[in-house]
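Before any comments, here is the structure.
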Amino acid sequence: MADNSKSWDGYSIKKKLDVPEGLWCRCPGCEEMIFNRTLEENLQVCPECNYHFRISARKRIEILCDEQSFEEMLGNYSPLDPLKFSDLKTYKSRLKEQQKKTGQTDAAVVGKGYVKGRPLILAVLDPEFMMGSMGSVVGEKIAVAAETAQEAELPLVIVSSSGGARMQEGVLSLSQMAKTSAAIARLNQSGGLYISILADPTTGGVAASFALLGDIIIAEPGALIGFAGARTIWHTIKVELPEGFQKAEFLLEHGFIDMITPRNELRSEIARLIDYCGK
Amino acid sequence: MANNINQGAESTIIKSNNNDWLDFEKTLAELSNQIVELQNLQKAKGIDYSPEIRQLRNNLVKLTTKIYDNLSAWETVQVARHPKRPLLQDYLKIIVQDFRELHGDRCFGDDRAMVTGIGRIGREKVLIVGHNKGRSTEEKVACHFGCAHPEGYRKALLKMKLAEKFQLPIICLIDTPGAYPGIGAEERGQAQAIANNLMEMSLLRTPIVCVVIGEGGSGGALGIGVGDRLAIMQNAYYSVITPEGCAAILWKTGEQAAQAAEALKLTAKHLLKFNVADQIIPEPLGGAHRNHHDAAHNLEMYLVNTLRDLRRCKMDNLLENRYRKLRRIGQYSNNGSNKAASAKTRISGLAGNLSESAPETPVRKKPIAH
């Protein structure tokens, strides 16, 4: 679920979208001060402790794809407010705010691109837009991406970074889980390759649908991956989670992902996997 | 004496125990008490109060109809969670003949929150998959109040594959607040188990009918909720998150659950409107808990008719329709217009046609390196 709160019951989430504004920033991993330009050159990864900062979808595409090779699809898709949802703010005003902040219409960017010369269909969730949560637009884009990959016989790469289903679109968001999974199922059946990359965070309805259905599942170091968030678990069974719980390393240990790959090696990893498994 | 009073729908309302009135039913409780008092008085004094009683009963029926026709979302949630509401076990007893439970996921264990088994509904041999909430406290604890673990979802899938192999239609009866959030569940891959069910169920080559009989909580419900038809009982709910969970996140306090329930549009009527559910199965007056048999009868009617319809469909068409049904759900705008785009028109048009769907005119550049 989209969740922006900072702390509860003494348990604090230190991670926010912390791509820095000024000259310097403090790394949430090791508390070191890092020069912003260094961080930028290092693909938003802390050079001291290897902490992977969350990055926007555009930034991700820039990092992954060959220069200028990305060709966006469905860029004009934008969310509606079918539930006329309103909590402390209306969904409409939240959307406007987020659209202004990020310059995106919703939390996913999909298109065709090249990685080291290999053509592929790429879908990237944007953690800066309502925590990358999946509503109708994200669901539709992922489904179209899978269908396009199947039609064009291209590998599909999805980079997930999402809090889960978007509450503000209610049961329509929930249904996107089934829709995206069904689209992946068809791609799978047709023999297409789907590489799922899990960036921080991949939780809730996104983890419980397309994100964990990859033929190959890669996680970035330290990414939070799980079904129920720490807060939900705390509220339900009053158990505080052990250190490192639901981190990428934890999932690797429990057999749910294939590998952990640092950001600067993702491109070559994708290229290698396509060479082995792609058509 | 008073025995001539007709035994109709109203009798089921009065029969109910005084303790299970919900908050919004106070007026009904009062009326019902008055009727009982008059009946006792009648017995004790031997005076005939039957006209008055009849009048009160009529009022009670009218009032119940009025209240239940206008339930708020939060009231619906309360009815869906009513302690006397028929559970999977009740429906199994009433409408399934020869039920044999099949246990275990062959991998880790046997999750009591998920029940799977074979039996007959009408003339049809089926596999039944459903959440088990438990009635007594011990049962409830044993099955985690209907919150299934990964092994539950894996068991469900295993048995569904069995059904596919032997051409048994699958009936999924959904009644869960959500998948179990806990350490063991996470360690054993709750998200992966649910995701896998969603993917596999979309391809199973046998008819699947899903019915939300009580609570349809989030991924836990959807994990056995992908099929050819989705129906919802009149007073059940189906939502992306429980109202309490939503309130805790968006309002920062669980106390706004009623407001959250309203905002989430989680009632049967809304589901029909959003094309998520295909049909609403009516419940007896005053909710399914007033009369388990009537509720079960309506469910049985629906299942028998739907299975008959689905049986007529060729398997390839069935799967294609299942996919299209899932594919259609969602509301968004494209082409910059603010009109709700019906995905119907877009399913075939998009795939494979990149240039058409990229109106932002990005300049196509050649790949840099090989």
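All chains are named by letter (A, B, ...) in the order of the sequence lines, taking the proteins before the strands, and each is independently numbered beginning at 1. Keep in mind that this is a model prediction, so the values were computed, not measured.
- For B:Leu203, the part lying near chain A is the side chain, with the backbone staying farther off; criterion is any non-hydrogen pair under 4.5 Å.
- Heavy atoms closer than 4.5 Å to chain B are found in the side chain of A:Phe250, but not in its backbone.
- If you measure heavy-atom distances from B:Leu230 to chain A, you find no contacts under 4.5 Å at all.
- Between B:Arg81 and B:Glu215, at least one side-chain N (NZ, or NE/NH1/NH2) sits under 4.0 Å from a carboxylate O, which counts as a salt bridge.
- Between chain B and the residues A:Ser173, A:Gly226, A:Ala143, the most heavy-atom pairs under 4.5 angstrom are made by A:Ala143.
- A:Leu83 touches chain B through backbone and side chain together, each having a heavy atom under 4.5 Å away.
- Within a 6.0 Å radius of NZ in A:Lys96, other residues, nucleotides and ligands contribute 12 heavy atoms or fewer.
- When heavy atoms are compared at a cutoff of 4.5 Å, A:Gln189 approaches chain B solely by way of its side chain, counted from C-beta outward.
- Shown here are the side chain to side chain contact (heavy atoms under 4.5 Å, CB included) partners of B:Ala191, two or more places apart in sequence or in another chain: A:Ala207, A:Ala208, A:Leu212, A:Phe227.
- Neither the backbone nor the side chain of B:Arg322 comes within contact range of chain A; no heavy atom of the residue lies under 4.5 Å from a heavy atom of that chain.
- Not a single ring pair (Phe, Tyr, Trp, His ring centres under 6.0 Å) links A:Phe256 to another residue, sequence neighbours left out.
- Residues passing the side chain to side chain contact (heavy atoms under 4.5 Å, CB included) test with A:Arg58 are A:Ser56, A:Glu72, A:Gln104, A:Val109, sequence neighbours excluded.
- The side-chain heavy atoms of A:Val144 and A:Val110, taken from C-beta on, include no pair separated by under 4.5 Å.
- B:Ile241 is listed as a side-chain neighbour of B:Ile249, based on a closest heavy-atom distance under 4.5 Å.
- The residue from A:Ile158, A:Leu156, A:Val206 that alone fulfils the side chain to side chain contact (heavy atoms under 4.5 Å, CB included) condition with A:Ile142 is A:Ile158.
- Remark: the backbone N or O of A:Val171 is paired with a side-chain donor or acceptor of A:Ser175 at under 3.5 angstrom.
- Between B:Tyr180 and B:His149, the angle of the ring planes stays under 30°, which puts this pair in the parallel group of the 30/60° scheme.
- When B:Arg188, B:Lys273, B:Gln259, B:Glu262 are compared by the number of non-hydrogen pairs under 4.5 Å with chain A, B:Arg188 comes out ahead.
- Contacts between A:Ala183 and chain B at a heavy-atom distance below 4.5 Å involve backbone atoms as well as side-chain atoms.
- Only the side chain of B:Leu222 comes within contact range of chain A, judged by heavy atoms closer than 4.5 Å.
- Put simply, of A:Asn188, A:Leu88, A:Val137, A:Leu213, the one with the most heavy-atom pairs under 4.5 Å next to chain B is A:Leu213.
- In this structure, no portion of A:Asp106 lies under 4.5 Å from any heavy atom of chain B.
- Contacts of residues 192-202 of chain B with chain A at a heavy-atom distance below 4.5 Å involve B:Gln192, B:Ile194, B:Ala195, B:Asn196, B:Leu198, B:Met199, B:Ser202, listed in sequence order.
- Top candidate by heavy-atom pairs under 4.5 Å with chain A, chosen from B:Glu187, B:Gln190, B:Lys265, B:Glu244, is B:Glu187.
- Of all the listed residues (B:Gly189, B:Ala247, B:Gly219), the one sharing the greatest number of non-hydrogen pairs under 4.5 Å with chain A is B:Gly189.
- Between B:Lys133 and B:Thr176 there is no side-chain heavy-atom pair separated by less than 4.5 Å.
- A:Ser209 and A:Ser181 share no side-chain donor-acceptor pair at under 3.5 Å.
- Using a 4.5 Å heavy-atom threshold, the side chains of B:Cys246 and B:Trp251 count as touching.
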